Amino acid sequence: MLKTINTYGSPVLRDIALPVTSVTPEIRQLISDMFETMYAAEGIGLAAPQVGESIRLFIIDLHPMDAKEGRRVFINPELLEFSDEKDVYDEGCLSIPTVREDVVRPTAVRIKYQTPDGEDRNEWIDTFLARVIQHEFDHLEGVLFTDRISAIKRSLLKKTLKKIADGEIEVEMSENYQL
Ligand code: NI
């Protein structure tokens, strides 16, 4: 079932999400709905708070940009370590339609998380996936990528962000990847 994607200004995007205590049938359904919603919106990553569920879970599928990648589900993720090396990418977000801005982030992270089957994983990730993980992790902390740009750039975006918050800009398909 398609979920509604909450956009900028929606309070749930600013909440700190709560841990997932167990992977119930409802959580499995949510994961399935999130994939359906993400593919329909042509996104590559989606966090539960974006569909109104303030829990620590996000999904990623980088297959459109990397044939070796596929569906990934991260439950109760923790970022344990970051590379010193950083890079820049113009990020977009399904919750902030039409906006893209350069964001600087570490190029690699160590992430600990659980799979839907209850396995604990601990991985050092040094590909583009590391950026998407950091973007989605931010959603669980109530942080949006527009919080990570300069104050000057943010003030230039003020009108656009207000329009999104006022519902004047609809979520639309983009030729660029939305995180
Ligand atoms: Ni996002």
Side-chain angles (χ1 to χ4, degrees), residues 2-18 20 30-66 69-79 82 86-107 109 111 113 125 127-150 153-154 157-158 160-167 169-179:
L2 281 180
K3 295 278 197 182
T4 301
I5 297 176
N6 291 288
T7 50
Y8 191 92
S10 173
V12 70
L13 295 177
R14 292 309 194 179
D15 288 342
I16 306 234
L18 296 172
V20 175
L30 173 67
I31 292 168
S32 162
D33 290 346
M34 283 174 65
F35 273 109
E36 191 183 335
T37 303
M38 182 179 79
Y39 293 138
E42 297 185 356
I44 54 175
L46 186 66
Q50 291 180 276
V51 294
E53 299 291 339
S54 193
I55 55 172
R56 304 189 78 81
L57 181 166
F58 58 76
I59 61 165
I60 293 175
D61 189 345
L62 295 186
H63 192 262
M65 37 196 327
D66 183 347
E69 284 288 343
R71 287 178 173 229
R72 281 181 177 256
V73 179
F74 298 85
I75 298 171
N76 297 329
E78 289 173 58
L79 301 184
F82 299 89
K86 295 180 179 184
D87 66 3
V88 180
Y89 181 80
D90 63 321
E91 293 188 15
C93 179
L94 291 172
S95 293
I96 316 179
T98 72
V99 174
R100 292 194 82 90
E101 288 293 338
D102 284 349
V103 180
V104 179
R105 297 191 191 265
T107 56
V109 290
I111 183 170
Y113 64 99
I125 291 170
T127 59
F128 183 71
L129 180 59
R131 170 169 294 270
V132 184
I133 282 173
Q134 290 172 79
H135 176 112
E136 303 310 332
F137 184 84
D138 274 351
H139 277 301
L140 309 184
E141 297 290 305
V143 173
L144 300 170
F145 80 88
T146 45
D147 301 331
R148 296 195 177 276
I149 63 178
S150 69
K153 280 191 172 173
R154 201 162 44 245
L157 275 180
K158 216 173 166 185
T160 306
L161 293 175
K162 190 178 180 306
K163 277 187 184 170
I164 297 171
D166 292 345
I169 295 179
E170 297 285 315
V171 179
E172 60 174 40
M173 300 306 157
S174 164
E175 59 209 56
N176 293 309
Y177 298 112
Q178 308 288 319
L179 281 60

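Just so you know, ligand 1 is whichever comes first in the structure, and atom 1 is the first atom listed for that ligand. In this text the structure is predicted, and so the values were computed from the model without any measurement.
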_Which residue in the set T4, L30, L2 passes side chain to side chain contact (heavy atoms under 4.5 Å, CB included) when paired with V51?_
L30

*What protein N/O/S atoms are found closer than 2.8 Å to the Ni ion (ligand 1)?*
C93 SG, H135 NE2, H139 NE2, L179 O

*Which of parallel (below 30°), tilted (30 to 60°) and perpendicular (above 60°) describes Y89 and F128?*
perpendicular

*Begin from the C-alpha positions of R131 and E91 and carry the test salt bridge (charged side-chain N to carboxylate O under 4.0 Å, His left out) through to its verdict.*
CA-CA 9 Å; R131 170 169 294 270; E91 293 188 15; 2.6 Å; yes

*What pairs of residues pass the salt bridge (charged side-chain N to carboxylate O under 4.0 Å, His left out) test when at least one of them lies in residues 43-62, not counting sequence neighbours?*
R56-E141

*Looking at residues at least two apart in the chain, or sitting in another chain, which of them share a side-chain hydrogen bond (donor to acceptor under 3.5 Å, both in side chains) with R14?*
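With sequence neighbours excluded, R14 shows a side-chain hydrogen bond (donor to acceptor under 3.5 Å, both in side chains) to D147, given in chain and number order.
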
*Partner residues of Y39 under the ring pair (Phe, Tyr, Trp, His ring centres under 6.0 Å) criterion, sequence neighbours left out*: F35

